[in-house]
There are 2 protein chains.
Amino acid sequence: MRRDVFQAIADPTRRAIIALIALQAMTPNAIAEYFDSTRQAVSKHLRILTECELVKQTHEGREIYYSLEIEKMKEIDRWLEQYRKIWETRFNQLDEVLSTIKRNKK
Amino acid sequence: MRRDVFQAIADPTRRAIIALIALQAMTPNAIAEYFDSTRQAVSKHLRILTECELVKQTHEGREIYYSLEIEKMKEIDRWLEQYRKIWETRFNQLDEVLSTIKRNKK
DNA sequence: TTATATTGCAACTAATCGGTTGCGTATTTG
DNA sequence: CAAATACGCAACCGATTAGTTGCAATATAA
């Protein structure tokens with residue numbers, strides 16, 4: 001199944017999972033406690049997150065700890081970069097407009 | 001229908017549309033020429049993008065120009081902000097590790 | 001006015017999604 | 001060893017998605 005980061009973060013539950021494990025690794029059971037849905041539903045989300053490499057596993061006995069692959073988040077940042085350039089440019093243009101108004105007031 | 005920016009950018013065709021109209025406004029027909037699918041399919045994507053306010057319309061005779069609402073893109077940036085903090089912190093930690101190694105070499 | 005062009009909207013369809021229940025496997029505990 | 005725990009995987013289900021075709025509405029051109 002073709003998956004990408006943008007599809008992964010489209011679901012609000014998955015964004016919540018990302019936020020949860022961003023700072024410390026957690027097991028599926030521990031994560032599921034934060035949601036109303038079943039453990040299996042959470043597990044399915046984790047599978048999707050793993051498939052697109054937004055999350056990595058660390059096996060520890062019969063437990064599996066999931067943690068955020070922060071490097072993959074930069075992919076979204078890189079995509080946003082081109083648009084950040086646009087809004088920064090527009091801001092500068094606005095800046096120019098404002099200083100032009102100022103100059104004319106004198 | 002509940003829509004948000006993250007759902008909007010989940011679809012690759014919609015991301016392509018966003019990239020197309022980022023710099024200049026375009027009509028649905030003009031946009032559709034860039035894709036293999038029909039004009040109606042593109043129109044549907046434009047409706048979704050409009051619904052979540054990622055795109056705005058400018059009526060001009062019988063033509064409708066669509067352009068990017070760059071302000072809405074910042075919403076994604078704000079969401080990413082918390083994770084940017086994490087990877088910047090990790091980078092600083094790595095920096096500390098590196099300087100510790102350097103110090104020990106002396 | 002009649003014909004043409006640009007577009008949105010509705011109905012339909014196949015595929016995918018997010019969720020469920022049930023089961024198999026592996027590890028820990030009594 | 002047997003029971004309990006932690007987890008993944010498969011099958012199924014209703015809702016949503018992305019696409020299609022067809023048609024109505026509006027604006028321009030002949």
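Chain identifiers are assigned alphabetically (A, B, ...) following the order of the sequence lines, protein sequences preceding nucleic acid strands; residue numbering begins at 1 within each chain.
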Checklist entry - Are Y66(A) and Q57(A) close enough that a side-chain donor and a side-chain acceptor fall under 3.5 Å? => result yes
Checklist entry - To the nearest angstrom, how far is R39(B) atom CZ from dA18(D) atom C1'? => result 16 Å
Item to check | Lys/Arg-Asp/Glu bridge criterion (N-O < 4.0 Å) met for E88(B), K85(B) | outcome: no
Next on the checklist: Please report the distance, rounded to the nearest Å, between CD in Q40(B) and C1' in dT7(C).
Outcome noted: 9 Å
Checklist entry - Just how far, in rounded Å, is C1' of dA6(D) from OH of Y65(A)? => result 11 Å
Next on the checklist: Could you tell me how far apart L46(B) (CG) and dT7(C) (P) are, to the nearest whole angstrom?
Outcome noted: 10 Å
Checklist entry - Under 4.0 Å between a side-chain N/O of H45(A) and OP1 or OP2 of dG19(C), yes or no? => result yes
Checklist entry - Does T38(A) put a side-chain nitrogen or oxygen below 4.0 Å from OP1 or OP2 of dT20(C)? => result yes
Checklist entry - Using a cut-off of less than 4.0 Å, is there contact between a side-chain N or O of S37(B) and OP1 or OP2 of dG19(D)? => result no
Checklist entry - So, K72(B) and E69(B), do they make that salt bridge, N to O below 4.0 Å? => result no
Checklist entry - Are any of T27(B)'s side-chain N or O atoms less than 4.0 Å away from OP1 or OP2 of dT6(C)? => result no
Checklist entry - Given dC7(D), is OP1 or OP2 found less than 4.0 Å from the side-chain N or O atoms of N29(A)? => result yes
Next on the checklist: Measuring to OP1 and OP2 of dA18(D), would you say a side-chain N or O of R14(B) lies under 4.0 angstrom away?
Outcome noted: yes
Item to check | Nearest to side-chain heavy atoms of R62(B), which nucleotide of dG8(C), dT4(C), dG18(C) | outcome: dT4(C)
Checklist entry - Are OP1 or OP2 of dT17(D) and a side-chain N or O of Q7(B) less than 4.0 angstrom apart? => result yes
Checklist entry - Taking for each residue the nucleotide of DNA chain D bearing the nearest heavy atom, is the 5' side occupied by K44(A) or by E63(A)? => result E63(A)
Next on the checklist: Using the side-chain heavy atoms of I64(B), tell me which of these nucleotides is nearest: dG8(C), dT5(D), dT21(C).
Outcome noted: dG8(C)
